[in-house]
2 protein chains.
Amino acid sequence: MVVERGSMARIAIDAMGGDYAPRKIVEGALWAAMEYGVSLELVGQEDAIQKELDHIRKVGYVLSDCGTKGHKRRIRIDLDKIDYTITHASEVIGMGEAVGQSIRRKKDSSIVASVNAVAQGRCEAVVSAGSTGAAMAASLFGLGRISGITRPAIAVTLPRMDKPVVIIDGGANSDCTAGMLAQFAQMGVAYAKLSLGIENPKVGILSIGEEEGKGNELVKETYPLLKQMNEDGRFEFVGNVEGKEVFKEKADVIVTDGFSGNIVLKVTEGSSSLLLNMIKTEFKSDIIGAIIGLLAKPFLRRILKRVNWEVFGGMLLLGVNGISVIAHGRSSAYAMKNAVGAAVKVLNKDINSRISESINNE
Amino acid sequence: MVVERGSMARIAIDAMGGDYAPRKIVEGALWAAMEYGVSLELVGQEDAIQKELDHIRKVGYVLSDCGTKGHKRRIRIDLDKIDYTITHASEVIGMGEAVGQSIRRKKDSSIVASVNAVAQGRCEAVVSAGSTGAAMAASLFGLGRISGITRPAIAVTLPRMDKPVVIIDGGANSDCTAGMLAQFAQMGVAYAKLSLGIENPKVGILSIGEEEGKGNELVKETYPLLKQMNEDGRFEFVGNVEGKEVFKEKADVIVTDGFSGNIVLKVTEGSSSLLLNMIKTEFKSDIIGAIIGLLAKPFLRRILKRVNWEVFGGMLLLGVNGISVIAHGRSSAYAMKNAVGAAVKVLNKDINSRISESINNE
């Protein structure tokens, strides 16, 4: 996935957002620059960013800290081969701050300034691991909505046995209408096609109970809209998808309100890590277990890698005029690298024109 | 947990409900009768039930088919030591049937007749593995609501590392009001105290975002009600619980609408089985893996047992005038035995008087 140097895309990085900012954010961004051949605009407190760059220039590498311990390797970083600039932004928006206020008041915050780099045409995409609410609000205010879109939504890719699934909305809109969900379906389909390469993505709606007519009021109101879109040949609608069917191959795109979508993501994360913790504890229960656990480690590590959210790195905010990737707050350098990769995947693919066509050709 | 023979509780069993009915249901019920010393009213098609009883009388045991394969053992069943009766009910309500209609029309269905066994005072509790909707509706119509309760709700127990957590509502009410959720909290607290023995259960509300003020409209409206209950000394309210925190020890009782609650349960089931499938596949990838996998099997099996929904067997429908346990549709004999166990746990504990006191002392 190397972008040609001639047409090198530039990505704005909110260097101050995330639990391990700026270190891991800068490291991941540089790693991405090496891997995908993109150039960078690093946005944030100049001193802090420069300090990280100086360190990396000195040692010449970053560590691949990809969650699965004991697997660190050195990623060679040659700063002279990376096209980067630093844009100073003096303020930082913290995780607990009221979103609307802070976006308006902190005009010189790293998230607002990095969105501006896209709005002003210097960059093709922005990536932030800061507060999801702040990144969303800054993107919405800074980039504006695609004409016809009621509300932007977050598209999240979850790993499965064979192919991944896109959940939309992953948490941008806590309360939704049926019309919003119908638009999410269209955006999700465009995203699954362009980012995951699924030719005719099957769309389902998250619900309780499999049959038509089961679910809450929102599902019952949305169902006929999606059914109509199926009849109009916009996409294949497969009906209700229950919680446990999320991980089966029934649908490629699962539409839901941001509250339920976020619950799906977080419960998946929580229950998987509970299970993995139980496995660790069980193997530690006696000496035989410890030995078998040691032997089993490489196998379990391969699974960890497959279910690791860090592989997908970032969620895309769809429906805004520009490409905005929201990375996990706990992003490691590896997760950040992949979040930039998520942006690269849709660069030059005109995803927003596709979404606009799909929404406005009704 | 042996109930004294003198005061032997009688449980109504919907012998026709569930994917493996009547065989596994009858087997599980008899196993429970041996284990907990309860007596049974087996409700359903007499011939079919009698056939199962004849078979068990002949062989003298049932198999403990507790999901985790290769672990079957014979459970000795001495029919002469079990106090059981058969109540003939000619009809069965299928999984896909419209609930309201079928409950009203099929007066002689096994679920309606087994609820009646409680309503008419012959039994202390009813257990059904049939359609959740049908079991709920039949219980509500047959037993009536506890005075003051707006809507009954399903309480589900999920395993965690140390102590389990109660999710309420697990799927009875797809759309809820703040007032309903406040009642769910009170019912959940009574249940956690009496069934799980947690002295002062901590209550949380499922949400997205940790801070007060985050979540959807329903959460924002419910939050102050729960906060007030905390101030009134009714229970400790710990605030918002995110999806991934469900599996941490933050709250003992998590309140949510039935749509989101059901999503939590089903996503937990789905993601856990995805992970376990990946582990199986990974160990099969080569001959070394196969050998290590074989060695690791007993350890993984112990974990499977811990996260197995069959251990909890049944969900309690709280808020109705009687004890109604809804077992999993795919209930094995083992799951059914434990579903009866879930009823036994709250028998003689006056859970409904406690709920009534809690609701009406406002």
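In what follows, chains carry the letters A, B, and so on, assigned in the order in which the sequence lines appear, proteins first and then strands, with residues in each chain numbered from 1.
To the nearest 0.5 Å, the span separating CE on Met315(B) from CD1 on Ile168(B) amounts to 11.5 Å. Note that the CD atom of Glu212(B) and the CG atom of Leu226(B) stand 10.5 Å from one another [nearest 0.5 Å]. Taken from CD in Glu245(A) to CD in Glu242(A), the straight-line distance is 5.0 Å, to the nearest 0.5 Å.
Across Leu206(A), Ile288(A), Asn216(A), the residue that shares the most heavy-atom pairs under 4.5 angstrom with chain B is Asn216(A). If you tally non-hydrogen atom pairs under 4.5 Å between each of Leu275(A), Asn262(A), Ile263(A) and chain B, the highest count goes to Leu275(A). Note: Gly243(B) leads Gly133(B), Gly209(B), Ser285(B), Gly243(B) in heavy-atom pairs under 4.5 Å with chain A.
Looking at Lys248(A), there are no atoms closer than 4.5 Å to chain B (heavy atoms on both sides), in backbone or side chain. For Thr132(A), no part lies near chain B; criterion is any non-hydrogen pair under 4.5 Å. In this structure, the portion of Thr281(A) lying under 4.5 Å from any heavy atom of chain B is its side chain and not its backbone. Contact annotation for Leu300(A): only side-chain heavy atoms (C-beta onward) come within less than 4.5 Å of a heavy atom of chain B. When heavy atoms are compared at a cutoff of 4.5 Å, Glu211(B) approaches chain A solely by way of its side chain, counted from C-beta outward.
For Tyr223(B), the ring-ring contact (aromatic ring centres under 6.0 Å, His included) partners at least two apart in sequence or on another chain are Phe237(B). Listed by chain and residue number, Arg330(A) satisfy the side chain to side chain contact (heavy atoms under 4.5 Å, CB included) test with Asp19(A) (two or more places apart in sequence, or in another chain). In this view, Phe247(B) satisfies the ring-ring contact (aromatic ring centres under 6.0 Å, His included) rule with no residue, not counting sequence neighbours.
Using a distance-only test at 3.5 Å, with no hydrogens or angles considered, no donor-acceptor pair links the side chain of Asn240(A) to the main chain of Ser207(A). Not a single donor-acceptor pair under 3.5 Å links the side chain of Asn277(A) to the backbone N or O of Met161(B). Side chain of Asp169(A) to main chain of Ala153(A): no donor-acceptor pair is present (N/O by atom type, distance under 3.5 Å, no hydrogens or angles).
No side-chain N or O of Ser271(B) forms a donor-acceptor pair with one of Thr268(A) less than 3.5 Å apart.
Applying a 4.5 Å heavy-atom cutoff, the residues of residues 251-260 of chain A that approach chain B are Gly258(A), Phe259(A), Ser260(A).
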